[in-house]
Amino acid sequence: MTIHPHPRRPQPGLRLAATGVALLAAAIAAWMYPRSSPPAAAAARALASDGQEAAAVVAAPVGDGAPAPAPDRIEAAGEPAAATALPTFEELVDRLVAIGRRTAALVQEDELEGAQTSDTEARALLGTLLARFADAGERALALLADPDHTGDPERGQARTFVLQLVLAAELARRHEVATVNADHSRIEPLVGALLGVLPQAERTIEVGLHLLDRQPYLRAAHEPAVLELVQAASQGTFPRPAAVRLLSTLWDNLRQAGVRTSEELSQLAMLLLGDADPTRRIVACRQLLADPRLAAMALAWLREHADRPVAAEVATLAASELEPATALRVLRELAPILDRATSAYLVLGARAPELVADAYRELLAANTQPDVRTDLVAGIGFTGTPTARQIVELALANDPAPAVRIQAGFVLTATADADAGEQALQQLLDDPRVAHDPSHLGAIVIALHNLEAGGATNQIDRLGRRLRTLPLGESSRQSLEALLARSLPGGAPR
Amino acid sequence: MKPLFPPTIALVALLAAPLAAQGNCPMQTTRHVPASTTIGPPQPCSGADYRIAEIEIRLTAGMCPSFVVYTPPHDYAVPSTQMTQVESIGAQAITMVTFRCVTRWLLFLPIGSTCEASRQMNVGAVHTLLTRPCATPGA
């Protein structure tokens, strides 16, 4: 989620009043938000430094199209009696959750007009909440750390989303103020507190990652807290992928902010390559692979140390993050220490199908690296592109490696019609190298399961009869019999 | 007449047997790979841009992966110094679940869309391997 401050629109209050659904609160909220002009920034600073209810607000939104009522103006500062009349932060969050669920119900009943009105009401109320509570981030964090106790999972999920939204907005506005004023004293503690809450539960990890990953909020001040999470990951008390993403984001931010140069980070990465903690080694490899001067060194290090667990994670990171041609080069370089990297090639194929297709053609022509060819066929095969079918048929007809051709069988049974899937598997069974190898036959049985989803009874029947006569391993034979029992009338081939 | 260099011939014969055995033995062992899950590229979900007051909230990718791949625990063969070979004793499916973003609710909140599994398929196979001693000649 990203949040982008917009320049102020002309006369927002009038526009909202004309629609009959907005509140004066929304106008005030608009006024309160940080903008790029110096007076607006000053207003935002005042809001940010207050930490208390700081504005005249309207708490009760309307959504019935009636003219907006006159606001109840309440002065928070110096008027504690009036302030107590306002709903609390938690009550506003609960109200947002309730509006959200009501909107959902309206949509499900096809009451789209009512849903739109309800949705507008929710937007206005969130604007009110953000305008009223300069410490909305801290308050949201406190509620996030405290799970919903109602026992209603849907309500708990909606509440988490509302809190995440509040935190995202709060981080965005504090970052804006911090950037304009070169003063991070308001955002850094909130980010620090978020990092502190992160390990509490799966829910907080998910929200925290969503808010911090690839965002500019992690800074040098947070390095100790991030490294603590890395340490927790090495002890198995915090998920390693989350730690990798946070440390990677921190390093990216440090480089972009000029706190550390690429040179310094690469030097640190080279030191961390030898670290006992895999999380640090993964982040170190990510840093080095992004540096064209040092990528070859990182790959050589991985090969030399046969660091398969790290290589597997680096392969996935490379497939997801690096420029596709670079990612492909990394995957091919890592092939000697990875038995297979199917999932990484699936990710890369989704990003750059033509690149993967070209790589397959090249390796097929050279008749090298059959394991990589297998993964390339998987990578392109499931993309659903026209090239995918061409490559898969090319592999099935021409590739000399049975494993590659079996991979083509997987693609066709999963993505083509039942007859094409059956034809592919029959063609594979015609090859004695496949038909006499229990290992290959085990893979064929697994591919046959793909036909079950399409209800291909006749095709399963014919293939089942043929497979029963072949030297299947015990577990494959059991799997085949279970499939036949489920799929065929009478539970057996005719 | 004494046979020529009988100890040498015996030594050669002694050495030749294991060498021949080694020639037929792939000298491999297994290495275990734990289960893993890989998340595919995110697809736009809850992707509409919403405005609240002066702030635009863009609920972009990251909410819904295009697919998730599960690779079960398995083994692969690596070179060994021992006279051993590996044998597949079972195949397991590499499973891919694809997701789609279903917009149900016209909310500005992310719960306005849901990321739902749309299809599960077997996209490949991995094997459970067993290491066995290579058969010795004459055994």
Side-chain angles (χ1 to χ4, degrees), chain A residues 1-6 8-9 26 29-30 33 35 100 103-104 107-108 112 115-116 119 122-123 126-127 130-131 157-158 161-162 164-165 168-169 172-173 210 308 312 316 320 339-340 342-344 346-347 350-351 378 382 407 410 414 438-439 442-443 445-447 449-450 453 473 475-476, chain B residues 31 33-34 36-43 46 49-63 66-71 74-78 87-96 98 103-112 119-129:
Chain A
M1 178 189 300
T2 54
I3 298 188
H4 304 272
H6 267 254
R8 186 183 185 180
R9 285 178 294 177
Y33 273 109
R35 300 175 198 109
T103 311
V107 172
Q108 283 169 346
L112 297 184
Q116 290 282 16
D119 187 45
R123 294 174 194 226
L126 182 62
L130 291 169
Q157 187 190 26
F161 278 130
V162 168
Q164 179 177 301
L165 198 64
R173 72 175 172 182
H210 197 77
R308 195 201 177 280
T316 304
S320 307
D339 54 323
R340 291 279 301 278
T342 309
S343 53
L346 285 165
V347 172
R351 290 179 64 207
F382 291 98
Q407 185 60 58
F410 271 105
S439 166
V445 170
I446 290 173
H449 280 70
N450 283 331
S475 66
S476 297
Chain B
R31 183 163 294 169
V33 181
S36 64
T37 305
T38 302
I39 296 173
Q43 58 181 311
S46 302
D49 296 344
Y50 301 109
R51 294 178 68 88
I52 299 170
E54 295 293 289
I55 285 189
E56 179 185 303
I57 297 181
R58 182 171 294 159
L59 302 169
T60 53
M63 303 295 291
S66 47
F67 58 79
V68 171
V69 179
Y70 172 72
T71 306
H74 62 281
D75 308 295
Y76 67 105
V78 292
E87 176 186 328
S88 172
I89 55 169
Q92 293 84 38
I94 302 173
T95 311
M96 178 161 78
T98 57
T103 302
R104 284 208 182 109
W105 304 334
L106 297 178
L107 267 177
F108 72 93
L109 299 173
I111 49 177
R119 192 163 173 222
Q120 179 173 326
M121 61 191 109
N122 296 336
V123 297
V126 287
H127 295 271
T128 303
L129 303 177

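Throughout, a chain's letter reflects where its sequence line sits, starting with A, and its residues are numbered from 1. Since we're looking at a predicted model, the values are computed, not measured.
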Checking A:Ile446, A:Asn450, A:Leu346 against B:Val123 for side-chain contact (heavy atoms from CB on, under 4.5 Å), the one that qualifies is A:Leu346
Applying a strict 4.5 Å limit to non-hydrogen atoms, the region of A:Ala453 in contact with chain B is neither
Ranked by heavy-atom pairs below 4.5 Å to chain A, first place among B:Asn122, B:Val69, B:Thr38 goes to B:Asn122
- Query: Are any of the side-chain heavy atoms of B:Arg31 and A:Asp339 separated by less than 4.5 Å?
  - Reply: no
Here the gap from B:Thr95 atom OG1 to A:His449 atom NE2, rounded to the nearest 0.5 Å, amounts to 10.5 Å
Value for CD1 (B:Ile94) from CZ (A:Arg340), rounded to nearest 0.5 Å, stands at 5.5 Å
So, the part of B:Glu87 with a heavy atom under 4.5 Å from chain A: the answer is neither
Bottom line for B:Val68: the part with an atom under 4.5 Å from chain A's heavy atoms is neither
Contacts of A:Ser320 meeting side chain to side chain contact (heavy atoms under 4.5 Å, CB included) (sequence neighbours excluded), chain-then-number -> A:Thr316, A:Val347
Turns out that what part of A:Thr342 lies under 4.5 Å from chain B's heavy atoms comes down to side chain
Cut-off 4.5 Å, heavy atoms of chain A, and the answer for B:Ile39 is backbone
Between A:Ser475 and B:Ala91, the two heavy atoms sitting closest are OG-N, 4.3 Å
Taken in chain and number order and not counting sequence neighbours, the residues that satisfy side chain to side chain contact (heavy atoms under 4.5 Å, CB included) with B:Ser66 are B:Pro41
Honestly, the part of B:Tyr70 sitting under 4.5 Å from a heavy atom of chain A is neither
Heavy atoms of B:Phe67 and A:Ala350 approach each other most closely as CE2-CB, 4.0 Å
*Worked verdict on B:Met121 versus A:Phe382 for side chain to side chain contact (heavy atoms under 4.5 Å, CB included)*: CA-CA 10 Å; B:Met121 61 191 109; A:Phe382 291 98; 3.8 Å; yes
Open item on the list: Is any side-chain heavy atom of B:Tyr76 closer than 4.5 Å to one of A:Arg308?
Closed with: yes
Checking the side chain of B:Arg119 only, and the main-chain atoms of A:Ala414 only, is there a donor and an acceptor separated by less than 3.5 Å?
yes
